[in-house]
Asker: 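I'd like to ask some things about the structure below.
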Amino acid sequence: MTDSNELKVEVLLDIINSSAREAMKEYKKNGHGVPGADSTTFHPLDLATDTLVLRKAIRLLEGACHQLSAVLAPPQHTVFNFVHNYTWACTDVAIRARIADVLDQYPEGLNVYALADAVNLDKTKTLRVLRALVLKGCFKEVEHEVFANTRLSLLLKSTSNVGCMVRGYQDFPKYGINRDFWEMDIFHRGLLGYPEIVGSSAVLHHYPWDTVSSIVDVGSGIGGISLHLANMFPHLRITNQDLPEVIEQAQVTWAKDAPEAVRDGRVEFVPLNFLEESPVIGKDVYYLRSILHDWPDAEAMTILHNIRKVMGPNSQHKAPEPMLLNFGAGAHTAYHQDMVVWFLLNSKERTLNELKIIGATAGLVITGVYDLVGTMVVEFRIAQD
């Protein structure tokens, strides 16, 4: 008779098989096939804003793979791997030295000695860094000591917004949120890359924007989500609100990336300190992307109170947050993001019940939840007596 633990392993294997096949089906939908481990270009799906089905499959696949390994591997091996990991340091070297930028000029590969000269690093140390990253599929060794990019390493190029966010995560432990240490262009470009990482751009496709005529992007940055909204839904009237210095930078970005929206008057830029002021009044949607998780409960309640003051009876407040969910390692981003905001800001990612509680203090009630895998959109409306 098969014991219960063996049956659980068989279930994990079934999940791995079914979720991997679901992911393969998504990749093959547009006729480009499944990407290879050593692909040197992006797959079209890598750059798509709606990858929700793929992300749901990967969430299951990652969770099941890690759980299977934890069950079958010796525990000493697994626990030591928790800390014996310097991928972050090697990635930081690659980003700062712009190794991927140089290799982009040599699609067939470049000898490590010529590469080290080009980026002004020690040759032997460069080789060791690259081989550590090759283990993860980031760069590939096409022949002895000759390296080329892969679709993973392409994200480390200086032109990549995702690369800017990755670099930011290396700097957080050193500098925290002290603006004096940050290159603000890198910081804001990283915020543009964040939706690509967690898949929050899926909200562009899985929320009924056709039923909305106006939106306020509260704490908008330079327009990580509102730029996409302007391009995809030209009927929307968009208000970007953030601190004055951020709004100045946003106006420059929009003049370059969405000049038609600026020219047609479809977007306005209004300075706001959301801890002290309310946003503009009477809009359909007040959108906060990864704002509440930056603040402890007292400040989060203040933000919601200030928004509640200007909401009309049909206004909605949307809060995309990486809420805590238990999918094992498939929920890695949410749980580790919780660590980031805790260490840096003494804040936290919140469960649905915690969001319900702080919403109620502002007279708001949750009326909808959209699972976007790496994040969720929680919809609040004014509570009815």
Asker: Do the rings of H336 and H332 sit parallel, tilted or perpendicular, given the 30° and 60° boundaries?
Answerer: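 Ring orientation, 0 to 90° scale: parallel.
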
Asker: To check you understand the geometry: which heavy-atom pair defines the closest contact between S160 and L155, and what is its length?
Answerer: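 What the structure gives for the nearest pair is OG-O, 3.0 Å.
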
Asker: Under the criterion side chain to side chain contact (heavy atoms under 4.5 Å, CB included), I'd like the reasoning laid out for V270 against E268: C-alpha separation, chi angles, the key distance, then a yes or no.
Answerer: CA-CA 6 Å; V270 182; E268 63 177 342; 4.1 Å; yes

Asker: Are L192 and W254 connected in a single hydrophobic cluster, I mean Ile/Leu/Val/Met/Phe/Trp/Tyr linked by side-chain heavy atoms less than 4.5 Å apart?
Answerer: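 Not linked; separate clusters.
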
Asker: Tell me yes or no: between the side chains of N149 and T40, is some donor less than 3.5 Å from an acceptor?
Answerer: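 Looking only at side-chain atoms, T40 and N149 do not form any donor-acceptor pair under 3.5 Å.
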
Asker: Do the non-hydrogen side-chain atoms of V166 and T91 ever get within less than 4.5 Å of each other?
Answerer: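 The answer is yes; the side chains approach within 4.5 Å.
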
Asker: Quick one: closest heavy-atom pair of V102 and V119, and the distance?
Answerer: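 Where V102 meets V119 most closely, the heavy atoms are CG2-CG1, 3.7 Å.
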
Asker: Using modelled atom types only, decide if a donor and an acceptor are shared between the side chain of T351 and the backbone of E354 within a distance under 3.5 Å.
Answerer: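 Between the backbone of E354 and the side chain of T351 there is a qualifying donor-acceptor contact (under 3.5 Å).
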
Asker: Restricting to ring-ring contact (aromatic ring centres under 6.0 Å, His included), what partner residues turn up for H205, sequence neighbours left out?
Answerer: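 Scan of H205 (ring-ring contact (aromatic ring centres under 6.0 Å, His included), adjacent residues dropped) gives none.
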
Asker: Using only atom types and a distance under 3.5 Å, with no angle test, would you say the side chain of N231 pairs donor to acceptor with the backbone of L227?
Answerer: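 Such a contact is found between N231 side chain and L227 backbone.
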
Asker: Check for a donor-acceptor pair, side chain of D338 on one end and backbone N or O of E349 on the other, with a separation under 3.5 Å.
Answerer: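 Yes, because the side chain of D338 sits within donor-acceptor range (under 3.5 Å) of the backbone of E349.
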
Asker: Using the salt bridge (Lys or Arg N to Asp or Glu O under 4.0 Å) rule, collect all pairs that involve residues 126-139, keeping only residues at least two apart or in two chains.
Answerer: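 Sorted pair list: R131-E141.
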
Asker: By ring-ring contact (aromatic ring centres under 6.0 Å, His included), which residues pair with H144, not counting sequence neighbours?
Answerer: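 Listed in chain order: nothing, the list is empty.
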
Asker: Could you state the interatomic distance from OG (S153) to CG (L133), rounded to the nearest 0.5 Å?
Answerer: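 Reported value, rounded in 0.5 Å steps: 9.0 Å.
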
Asker: Checking T87 against N85: is there a side-chain donor and acceptor pair closer than 3.5 Å?
Answerer: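 Short answer, yes.
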
Asker: Please report the interatomic distance CG(L68) to NZ(K8), rounded to the nearest 0.5 Å.
Answerer: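 Interatomic distance, L68 CG to K8 NZ, rounded to 0.5 Å: 13.5 Å.
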
Asker: Same cluster or not: are I357 and L292 linked, directly or through other Ile, Leu, Val, Met, Phe, Trp or Tyr residues, by side-chain heavy atoms under 4.5 angstrom apart?
Answerer: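 No, because I357 and L292 fall into different hydrophobic clusters, even though each may have its own neighbours under 4.5 Å.
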
Asker: Verify whether one side chain among S220 and Q241 offers a donor that lies under 3.5 Å from an acceptor in the other.
Answerer: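 Side chains of S220 and Q241: no pair found under 3.5 Å.
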
Asker: State the CG-CZ distance between L304 and F274, to the nearest 0.5 angstrom.
Answerer: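 So the gap between those two atoms works out to 11.0 Å.
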
Asker: Once you round to the nearest 0.5 Å, how far does OG of S69 lie from NE2 of H66?
Answerer: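 Those atoms lie 7.5 Å apart.
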
Asker: Considering all heavy atoms of both residues, which atom of D117 and which atom of K123 are nearest to each other, and what is their separation?
Answerer: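 For D117 and K123, the tightest heavy-atom pair comes out as OD1-NZ, 2.9 Å.
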
Asker: What's the shortest heavy-atom distance between S19 and A57, and which atoms?
Answerer: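 Looking at all heavy atoms of both residues, the closest pair is CB-O, 3.4 Å.
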
Asker: Under the rule for salt bridge (Lys or Arg N to Asp or Glu O under 4.0 Å), what residues qualify as partners of E26, not counting sequence neighbours?
Answerer: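 Result, salt bridge (Lys or Arg N to Asp or Glu O under 4.0 Å) vs E26: K29.
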
Asker: Tell me the ring-ring contact (aromatic ring centres under 6.0 Å, His included) pairs involving residues 33-61, sequence neighbours left out?
Answerer: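 ring-ring contact (aromatic ring centres under 6.0 Å, His included) check on residues 33-61 returns Y27-H43.
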
Asker: Does D217 come within less than 4.0 Å of R289, counting only side-chain N to carboxylate O?
Answerer: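 Judged by the 4.0 Å cut-off on N to carboxylate O distance, D217 and R289 do not form a salt bridge.
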
Asker: With sequence neighbours excluded, tell me which residues meet side-chain hydrogen bond (donor to acceptor under 3.5 Å, both in side chains) with D264.
Answerer: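 With neighbours one apart ignored, the set is empty.
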
Asker: Provide the closest heavy-atom pair for H77 versus A73 in the form atom of the first, atom of the second, distance.
Answerer: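 In this case the closest contact between H77 and A73 is CD2-CB, 4.0 Å.
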
Asker: Does a donor on one side chain and an acceptor on the other come within less than 3.5 Å for T253 and D257?
Answerer: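 Note: T253 and D257 side chains miss the donor-acceptor criterion.
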
Asker: Any donor-acceptor pair under 3.5 Å linking the side-chain atoms of S347 with those of D294?
Answerer: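 Note: D294 and S347 side chains miss the donor-acceptor criterion.
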
Asker: Please step through side chain to side chain contact (heavy atoms under 4.5 Å, CB included) for the pair C138 and L156, ending with a clear verdict.
Answerer: CA-CA 9 Å; C138 188; L156 306 185; 3.7 Å; yes

Asker: Rounded to the nearest 0.5 Å, how far does CD1 of I366 lie from CZ of R381?
Answerer: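 Here the interatomic distance stands at 13.0 Å.
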
Asker: Mind checking ring-ring contact (aromatic ring centres under 6.0 Å, His included) for H32 and listing every partner two or more places apart, or none if nothing turns up?
Answerer: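 ring-ring contact (aromatic ring centres under 6.0 Å, His included) check on H32 returns nothing, list empty.
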
Asker: Quiz question: by atom type and distance under 3.5 Å, do the side chains of S158 and D101 form a donor-acceptor pair?
Answerer: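 Yes.
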
Asker: Transitively linked via ILVMFWY side-chain contacts under 4.5 Å: V262 with M232?
Answerer: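 Yes, it is one cluster - the side chains of V262 and M232 are joined through contacts under 4.5 Å.
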
Asker: For E196, is there any backbone N or O sitting under 3.5 Å from a side-chain donor or acceptor partner on S200?
Answerer: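 Between the backbone of E196 and the side chain of S200 there is no qualifying donor-acceptor contact (under 3.5 Å).
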
Asker: With clusters built from Ile, Leu, Val, Met, Phe, Trp and Tyr whose side-chain heavy atoms come within less than 4.5 Å, directly or transitively, what are the remaining members of the cluster of W342, listed by chain and number?
Answerer: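 Members other than W342 - counting any ILVMFWY side chain reachable under 4.5 Å - are M339, F343.
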
Asker: Under a 3.5 Å distance rule, please check whether H206 uses its side chain to pair with a backbone N or O of D50 as donor and acceptor.
Answerer: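 Pair absent, no side-chain N/O of H206 close to backbone of D50.
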
Asker: Kindly say whether K283 contributes a backbone atom to a donor-acceptor pair with the side chain of S315 at under 3.5 angstrom?
Answerer: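 Checked: pair present.
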
Asker: How long is the span from the OH atom in Y286 to the CE atom in M311, to the nearest 0.5 Å?
Answerer: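 Going from the OH atom of Y286 to the CE atom of M311 covers 7.5 Å.
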
Asker: D38 vs T150, test: side-chain hydrogen bond (donor to acceptor under 3.5 Å, both in side chains). Steps then yes/no.
Answerer: CA-CA 6 Å; D38 59 352; T150 63; over 6 Å; no

Asker: Could you go through M376 and V369, starting from their C-alpha distance and side-chain angles, then the distance that decides it, and tell me whether this counts as side chain to side chain contact (heavy atoms under 4.5 Å, CB included)?
Answerer: CA-CA 7 Å; M376 282 194 175; V369 177; 3.8 Å; yes

Asker: Excluding sequence neighbours, so at least two apart, what forms ring-ring contact (aromatic ring centres under 6.0 Å, His included) with Y370?
Answerer: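 Y370 satisfies ring-ring contact (aromatic ring centres under 6.0 Å, His included) with Y207 once adjacent residues are dropped.
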
Asker: Do D46 and R151 meet the salt-bridge criterion of a basic N to acidic O distance under 4.0 Å?
Answerer: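 Yes, this pair counts.
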
Asker: Could you pull out all residues at least two apart from D210 that satisfy side-chain contact (heavy atoms from CB on, under 4.5 Å)?
Answerer: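 F233, H235.
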
Asker: Using the rule given for side chain to side chain contact (heavy atoms under 4.5 Å, CB included), can you reason through L130 versus L115, listing the C-alpha separation, both sets of side-chain angles and the distance that settles it, and then say yes or no?
Answerer: CA-CA 11 Å; L130 284 171; L115 174 61; 3.6 Å; yes

Asker: Are I99 and M165 linked, directly or through intermediate hydrophobic residues, by side-chain heavy-atom contacts shorter than 4.5 Å (ILVMFWY only)?
Answerer: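 The answer is yes; both residues are in one hydrophobic cluster.
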
Asker: Are L372 and L54 grouped together when hydrophobic residues (ILVMFWY) are joined by side-chain heavy atoms under 4.5 angstrom apart?
Answerer: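 No, L372 does not connect to L54 through the hydrophobic network.
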
Asker: Taking W209 for its side chain and V203 for its backbone only, find out whether a donor-acceptor pair lies under 3.5 Å.
Answerer: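 The answer is yes, because a donor-acceptor pair under 3.5 Å joins these two groups.
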
Asker: Using the salt bridge (Lys or Arg N to Asp or Glu O under 4.0 Å) rule, collect all pairs that involve residues 297-315, keeping only residues at least two apart or in two chains.
Answerer: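 As it turns out, the salt bridge (Lys or Arg N to Asp or Glu O under 4.0 Å) pairs with a partner in residues 297-315, which skip direct neighbours, are D297-R350.
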
Asker: Check whether N161 reaches the backbone of G190 with its side chain - one donor and one acceptor, N or O, closer than 3.5 Å.
Answerer: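 The answer is no, because no donor-acceptor pair under 3.5 Å joins these two groups.
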
Asker: Not counting sequence neighbours, which residues clear salt bridge (Lys or Arg N to Asp or Glu O under 4.0 Å) with R55? List them please.
Answerer: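 Testing R55 for salt bridge (Lys or Arg N to Asp or Glu O under 4.0 Å), a comparison that skips the adjacent residues, returns none.
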
Asker: Ignoring hydrogens and geometry, is there a side-chain-to-backbone donor-acceptor pair from S278 to N306 under 3.5 Å?
Answerer: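 Indeed, once roles are kept as given, a pair shorter than 3.5 Å links the two residues.
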
Asker: Donor-acceptor pair, W295 side chain versus I303 backbone, under 3.5 Å?
Answerer: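 No; judged by distance alone, with no hydrogens or angles, the pair does not exist.
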
Asker: State plainly whether the residues R263 and E260 are in salt-bridge range, i.e. N to O under 4.0 Å.
Answerer: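 Not counted as a salt bridge, because no side-chain N and carboxylate O are separated by less than 4.0 Å.
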
Asker: Taking all non-hydrogen atoms of both residues, which atom of T126 and which atom of A116 are closest, and how far apart?
Answerer: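 Taking every non-hydrogen atom into account, OG1-CB, 3.8 Å.
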
